[in-house]
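Data first, discussion second: the structure below is written as C-alpha cells.
Heavy atoms only: backbone and side chains are in, while hydrogens, waters and symmetry mates are out.
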Amino acid sequence: MIVDTLLKKIEEKDNPTVVGLDTSFDYLPEEMRAGVSCADGAAEAVYAFNKKVIDAVADIVPAVKVQIAYYEMYGVSGMRAFADTLRYAKEKGLVVITDAKRNDIGATAECYAKAYLGETAVGDASLRAFDSDFLTVNGYLGSDGIKPFLSKAQNGEKGIFVLVKTSNRSSGELQDLKLENGKTVYEYMGQLVEEWGSGLIGASGYSCVGAVVGATHPAQAEVLRREMPHTFFLIPGYGAQGGTAQDLKVCFKQDGTGGIVNSSRGILCAYRQETYKGLPFDEAARQACLAMKADLNAAIKG
C-alpha cells in the first residue's frame, strides 16, 4: 500500500520531511526572474527551479508536496508546470502529494478524484491528468464528498490526507467548537477519518486515509494522535508558520512513526537566509533539509 511505501522511504532516509513545492515566482533567485514578464516565462522558470530543488534533495527526503494554488495563478502554463513537476518528482523516486484540498459532492467529486488519483476515459483510451500518490481533501462536506476519493484508494496504490485540524490561527473558530456529545468538531472529524480508513490499513498499521494535523496546535494534535492510532499525519505549520519540532513531537508515536512534516518556504527560500548565504539555491535547499531532519529526529527520537 502507498502508506507503507511512504513509511519505508521515511525509514530508509531516516527523515520524516516532505518538501513543499509551494513555488512562487517571487521565491526564485533574481537571475531566474530577470527579463520574465509573462505567465509562460514565469511557469517555465518555476519548473526549472523545482527541478533543481528536486535533484538536490531526492536522495535525502522521501516525498514532495506540490501546492496547486502556486501554479493555478499562472494559468494554463502554470498547470503545465504543475503536471511536469509531479512527473519529474515521481521519476526521481519521490512519493508525491498533491495539495489541492479538493472536495465536492456526487459527480463533481468523482471528477476531482479521477483528475488526481485515477484515470479519465477518452473514447477507448484513458488518461492520467495529474498523477499523484496522495491528495489532500476537505472532509467537512461529509462522507458523500469523500467516497469518490476512497474508491480510488481501494487498491492501496493511492491515498488521501483529510483536513482535520488545520495549522491556520483561526481554525478554532469552527474546528474547536464543542458538539452535544462533548467532542470537538476536529475530534469528530478525526473519528470519521479513522472509520473511512479502517478498510485500507497496510502492514505498517497505518491507513491510506491520512489526516492533516497542524504543528501549530500541539494540544489538539496530542488528542488526535491518541484517538487516531491507525491514521498517518501530514503535518504543516513547521518553520515559517511558527511550529517547532518540539510542538509537533506529539503527532508521533513512541516508536517515532506516525507522520511526515512539511516545510515549504524554509527550504525553497533557504538561500536567502544568513545561515546559507552565498550558496546556490539548490544547495541551500539541501542543507536546509538536512538541518530540518536533524531537528525533527532530535525531538521525535530524543
**Asked** Do the non-hydrogen side-chain atoms of I60 and K13 ever get within less than 4.5 Å of each other?
**Response** no
**Prompt:** Is atom CG of L174 surrounded by more than 12 heavy atoms (other residues, nucleotides or ligands) closer than 6.0 Å?
**Reply:** yes
**Request:** Go through V66 and D99 one step at a time and tell me if the side chain to side chain contact (heavy atoms under 4.5 Å, CB included) criterion holds.
**Result:** CA-CA 6 Å; V66 190; D99 189 0; over 6 Å; no
**Asked** Sub-3.5 Å donor-acceptor pair from the side chain of Y140 to the main-chain atoms of V164, do we have one?
**Response** yes
**Message:** Looking at R128, I want to see if its CZ is surrounded by more than 12 non-hydrogen atoms of other residues, nucleotides or ligands under 6.0 Å.
**Reply:** yes
**Message:** Any heavy-atom pair between the side chains of F281 and C269 that's under 4.5 Å?
**Reply:** no
**Request:** Decide, yes or no, whether a salt bridge links D176 with K165 under the criterion of side-chain N to carboxylate O below 4.0 Å.
**Result:** yes
**Message:** Restricting to non-hydrogen atoms, name the atom on C251 and the atom on I235 that form the minimum distance, rounded to 0.1 Å.
**Reply:** CB-CD1, 3.5 Å
**Prompt:** Should the pair D59-R286 be classified as a salt bridge under the 4.0 Å nitrogen-to-oxygen rule?
**Reply:** yes
**Message:** Assess whether a salt bridge exists between K183 and E227, defined as any Lys/Arg side-chain N lying under 4.0 Å from an Asp/Glu carboxylate O.
**Reply:** yes
**Side chains of Y70 and Y27 in contact at under 4.5 Å (non-hydrogen atoms)** = yes
**Request:** Assign the ring pair F232 / Y206 to parallel, tilted or perpendicular, where the plane angle (0 to 90°) is split at 30° and 60°.
**Result:** perpendicular
**Request:** Cation-pi check, R225 to F233: give yes when NZ or CZ is under 6.0 Å from the six-membered ring centre and within 45° of the ring axis, no otherwise.
**Result:** yes
**Item:** Heavy-atom side-chain contact between T108 and C111 under 4.5 Å
**Value:** no
**Request:** Verify the neighbour count for atom OH of Y88: are there more than 12 heavy atoms of other residues, nucleotides or ligands below 6.0 Å?
**Result:** yes
**Request:** Measure from the side-chain N and O atoms of Q273 to the backbone N and O of G266, and report whether any donor-acceptor pair falls under 3.5 Å.
**Result:** yes
**Request:** Could you give me the CA-CA distance, side-chain angles and deciding distance for L268 and R265, then say whether side chain to side chain contact (heavy atoms under 4.5 Å, CB included) is met?
**Result:** CA-CA 5 Å; L268 300 181; R265 280 172 288 172; 5.8 Å; no
**Request:** Ignoring hydrogens and angles, state whether a donor on the side chain of N262 or S264 is under 3.5 Å from an acceptor on the partner side chain.
**Result:** yes
**Message:** Taking P229's backbone N and O only, do any of them form a donor-acceptor pair with K253's side chain (distance below 3.5 Å, no angle check)?
**Reply:** yes
**Request:** Give a yes or no on whether a salt bridge exists between K9 and D14, defined as a side-chain N under 4.0 angstrom from a carboxylate O.
**Result:** no
**Message:** What's the separation between atom CD1 in I97 and atom CD1 in I260, rounded to the nearest 0.5 Å?
**Reply:** 5.5 Å
**Request:** Indicate if V250 and V261 have the same hydrophobic cluster label, given that clusters are the connected sets of ILVMFWY residues with side-chain heavy-atom separations under 4.5 angstrom.
**Result:** no
**Asked** Is there a path of hydrophobic side-chain contacts, each under 4.5 Å between heavy atoms of I, L, V, M, F, W or Y residues, that connects M189 with L177?
**Response** yes
**Request:** Please check if atom CZ in R272 has more than 12 non-hydrogen atoms from other residues, nucleotides or ligands closer than 6.0 Å.
**Result:** yes
**Request:** Please confirm whether the backbone N or O of L28 pairs with a side-chain atom of R33, one donor and one acceptor, at under 3.5 Å?
**Result:** yes
**Item:** Steps toward side chain to side chain contact (heavy atoms under 4.5 Å, CB included) verdict (L86, T98)
**Value:** CA-CA 8 Å; L86 298 183; T98 287; 3.7 Å; yes
**Message:** Using a 3.5 Å distance criterion without hydrogens, assess whether the side chain of D247 forms a donor-acceptor pair with backbone atoms of T244.
**Reply:** yes
**Prompt:** Closest approach of P16 and G259, non-hydrogen atoms and distance?
**Reply:** CB-O, 3.9 Å
**Prompt:** Between K92 and D55, is the closest basic N to carboxylate O distance under 4.0 Å?
**Reply:** yes
**Request:** Determine whether more than 12 heavy atoms belonging to other residues, nucleotides or ligands lie under 6.0 Å from atom CD of Q254.
**Result:** no
**Asked** Any chain of hydrophobic side-chain contacts (each under 4.5 Å) joining M228 to V185?
**Response** yes
**Asked** Got a donor-acceptor contact below 3.5 angstrom from the N138 side chain to the N103 backbone?
**Response** no
**Asked** Are any non-hydrogen side-chain atoms of V162 and V212 less than 4.5 angstrom apart?
**Response** no
**Request:** Write down the atom of Q287, the atom of L279, and the distance for their closest heavy-atom approach.
**Result:** CG-CD1, 4.2 Å
**Request:** Test side chain to side chain contact (heavy atoms under 4.5 Å, CB included) on I68 and R102 and set out the steps.
**Result:** CA-CA 10 Å; I68 197 169; R102 289 295 189 252; 3.8 Å; yes
**Asked** Is the closest basic N to carboxylate O distance between K178 and E187 below 4.0 Å?
**Response** no
**Prompt:** Would you say the side chains of T184 and Q175 form a donor-acceptor pair under 3.5 Å?
**Reply:** no
**Asked** Is there a side-chain contact between F134 and V96 (heavy atoms, below 4.5 Å)?
**Response** no
**Asked** For A284 and Y276, which heavy atoms make the closest approach, and how far apart are they?
**Response** CB-CB, 3.8 Å
**Message:** Can a donor-acceptor pair be found, under 3.5 Å and without considering hydrogens, that links the side chain of K158 to the backbone of G118?
**Reply:** no
**Asked** What is the distance from atom OG1 of T5 to atom CD of E157, rounded to the nearest 0.5 Å?
**Response** 9.5 Å
**Message:** If hydrophobic clusters are built by linking Ile, Leu, Val, Met, Phe, Trp and Tyr wherever their side-chain heavy atoms come under 4.5 Å apart, do V137 and Y188 end up in the same one?
**Reply:** yes
**Prompt:** Is it true that atom NZ of K52 has more than 12 heavy atoms of other residues, nucleotides or ligands lying nearer than 6.0 Å?
**Reply:** no
**Prompt:** So, the side chain of S24 versus the backbone of D22: is there a donor-acceptor pair under 3.5 Å, distance only?
**Reply:** no
**For the student: nearest non-hydrogen atoms of G145 and A109, plus distance** = O-CB, 4.1 Å
**Prompt:** Is there a side-chain contact between V19 and C289, using heavy atoms and a 4.5 Å cut-off?
**Reply:** yes
**Message:** Can you confirm whether K90 is buried at NZ, in the sense that more than 12 heavy atoms of other residues, nucleotides or ligands lie under 6.0 Å from that atom?
**Reply:** yes
**Asked** So, does Q154 use its side chain to make a donor-acceptor pair with the main chain of L150 at under 3.5 Å?
**Response** yes
**Item:** From CG (L163) to OG1 (T166), nearest 0.5 Å
**Value:** 6.5 Å
**Residue pair Y47 / T85, side-chain heavy-atom distance below 4.5 Å** = yes
**Asked** Hey, is D295 close enough to K293 for a salt bridge, meaning N to O under 4.0 Å?
**Response** no
**Fill in**
So CD1 of I160 and CZ of F149: to nearest 0.5 Å the spacing works out to 7.5 Å
**Complete:** In this structure, CG of L200 is separated from CD1 of I2 (nearest 0.5 Å) by 12.5 Å
**Which atom of D133 lies closest to which atom of L94, heavy atoms considered** = OD2-O, 4.0 Å
**Fill in**
Rounding to 0.5 Å, atoms NZ (K114) and CZ (F130) come to a distance of 15.0 Å
**Prompt:** Salt bridge between R80 and D40, side-chain N to carboxylate O under 4.0 Å?
**Reply:** no
**Prompt:** When you measure from the side chain of T136 to the backbone N and O of A100, does any donor-acceptor pair fall under 3.5 Å?
**Reply:** yes
**Prompt:** How are the rings of Y74 and F25 set relative to one another: parallel (under 30°), tilted (30 to 60°) or perpendicular (over 60°)?
**Reply:** perpendicular
